[in-house]
Undergrad: 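One structure, pasted below without further comment.
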Amino acid sequence: MGSAANVEGTDTSEEEAGLTKLWKEVRELSLGCGSDVERLHLPPSPIQFLRDFVMPNKPCIITDGLPHWPALTKWTNAYLTALLQNQIVSLHFTPNGRADSVVKPTINSDSCFVSAHVERIPFPAALEYIAGSEHWERGAVAYAQEQNGCFMSEYSLLAQDVETDIPWATEALGSKPEAVNLWIGNERATTSFHKDHYENLYVVVSGEKHFLLLPPTDLHRMYIKEYPAAHYVRSEENGEFKIELDTPLRYVPWSSVDPYPPSSQAEQERMLFPRYFNGPKPFECTVRAGEMLYLPSLWFHHVKQTPDSEGRTIAINYWYDMQFDIKYAYYNFLQSLG
């Protein structure tokens with residue numbers, strides 16, 4: 001927000017009061033004033049899903065909608081390794097588990113948006129990097145998170161164990177998923193606050209995922225800034241990481257907020273980002289194995305995870321195209337005020 005006036009005749013204090021009123025009213029009218037996400041025991045009908053969740057842009061968790069999925073019982077490390085023993089997959093490496101996030105390389109340098117170092121390796125080796133604790137001492141955190149439809153391109157042999165779409169969501173939304181992605185990680189990998197232009201059906205197969213969620217109307221609490229894009233480069237000799245700026249230089253709009261800052265930086269973070277830390281509490285939920293989260297389009301989400309007894313958390317998500325309707329126009333207007 002500007003220091004004086006972004007809209008003629010409106011000062012900063014009035015803007016802050018207006019934003020605070022907006023955050024409150026959205027919760028009172030549509031989302032509820034608590035921090036819990038509504039849970040449904042069984043999948044909704046297409047009409048119910050559209051009416052009660054998609055149209056009001058409201059998340060929910062389906063707790064018992066996937067008992068027929070073979071993946072829930074079959075996807076042990078031994079099974080996955082045997083089935084995918086000859087498959088080459090993309091594995092993302094970072095020094096700290098924070099890929100696609102804002103990083104300050106040194107005390108005296110500016111922050112940048114840093115993507116992971118990616119290597120193409122056989123799946124058995126990738127799984128060992130993720131679930132094998134002996135690799136952790138080398139300082140690299142591995143995460144299979146290629147996105148862009150990676151399930152059917154890199155893991156298609158597993159398609160027999162899941163559904164290639166969510167039938168009731170497909171009927172409600174009027175199309176098949178744009179992309180289906182597989183995620184395999186451990187507790188060291190986190191996902192920073194961001195949003196997607198998709199209706200997202202997120203299924204946990206093993207372990208647990210822990211989400212912080214904020215609606216699109218809380219945009220100004222995210223302190224989105226344009227950061228120069230960069231990427232990690234990992235040395236083949238000693239495994240150490242360095243950060244290199246992308247060429248040609250480009251900028252990525254990303255949230256500046258870390259909801260779990262180190263204790264030594266917590267006070268400073270609260271001073272830098274008061275709208276986030278002093279505003280309404282984010283919605284919080286844990287999605288367990290066999291459960292599905294509907295994450296509406298444009299919702300900001302931060303994700304942590306807890307592995308199962310075999311040292312991994314596995315999830316599949318289905319990205320359906322969002323409708324670029326009046327809600328999108330409202331969001332763009334709100335964004336223009338920042």
Undergrad: Transitively linked via ILVMFWY side-chain contacts under 4.5 Å: L214 with V102?
TA: no
Undergrad: Quick check: do Y331 and K327 have side-chain heavy atoms less than 4.5 Å from each other?
TA: no
Undergrad: Do any N or O atoms from the side chain of D64 and from the backbone of H41 form a donor-acceptor pair under 3.5 angstrom?
TA: no
Undergrad: Taking the six-membered ring for Trp, is the centroid-to-centroid distance between Y294 and Y202 below 6.0 Å?
TA: no
Undergrad: Run the ring-centre check on F324 versus Y328 and record whether the distance is less than 6.0 Å.
TA: yes
Undergrad: How about Y227 and S256: does a side-chain donor come under 3.5 Å of a side-chain acceptor?
TA: yes
Undergrad: Kindly state whether the ring of H92 and the ring of H117 have centres lying under 6.0 angstrom apart.
TA: no
Undergrad: Mark yes or no for whether K209, through its side chain, and V204, through its backbone, hold a donor-acceptor pair below 3.5 Å.
TA: no
Undergrad: For the residue pair E146 and Y155, establish whether any side-chain heavy-atom pair is separated by less than 4.5 Å.
TA: no
Undergrad: So, T306 and H210: side-chain donor and acceptor under 3.5 Å apart, yes or no?
TA: yes
Undergrad: So, W75 and D161: side-chain donor and acceptor under 3.5 Å apart, yes or no?
TA: yes
Undergrad: Nearest 0.5 angstrom please: D100 CG to Q145 CD, how far?
TA: 6.0 Å
Undergrad: If we ignore angles and hydrogens, is there a donor and acceptor under 3.5 Å between the side chains of D196 and W299?
TA: no
Undergrad: Would you check if the side chain of N77 reaches a backbone N or O of E310 as a donor-acceptor pair within less than 3.5 Å?
TA: yes
Undergrad: Does either side chain, that of E199 or that of S297, offer a donor lying less than 3.5 Å from an acceptor on the other one?
TA: yes
Undergrad: Is a side-chain donor-acceptor pair under 3.5 Å present for N181 with W319?
TA: no
Undergrad: Side chains of T190 and R98: donor-acceptor distance under 3.5 Å anywhere?
TA: no
Undergrad: Under 4.5 Å between any side-chain heavy atoms of D36 and E284, yes or no?
TA: no
Undergrad: Determine, stepwise, if the pair T63 / R39 fulfils side-chain hydrogen bond (donor to acceptor under 3.5 Å, both in side chains).
TA: CA-CA 7 Å; T63 61; R39 286 181 172 267; 5.5 Å; no
Undergrad: Quick check on salt bridge (Lys or Arg N to Asp or Glu O under 4.0 Å): which of K195, K281, K24, R27 does D218 satisfy it with?
TA: R27
Undergrad: Taking the ring of W254 and the ring of F193, is the distance between their centroids below 6.0 Å?
TA: no
Undergrad: Can you confirm if the NZ or CZ of K242 lies within 45° of the ring axis of Y232 and under 6.0 Å from the centre of its six-membered ring?
TA: no
Undergrad: Testing the 3.5 Å rule here: is there a donor-acceptor pair between the side chains of T164 and Y318?
TA: no
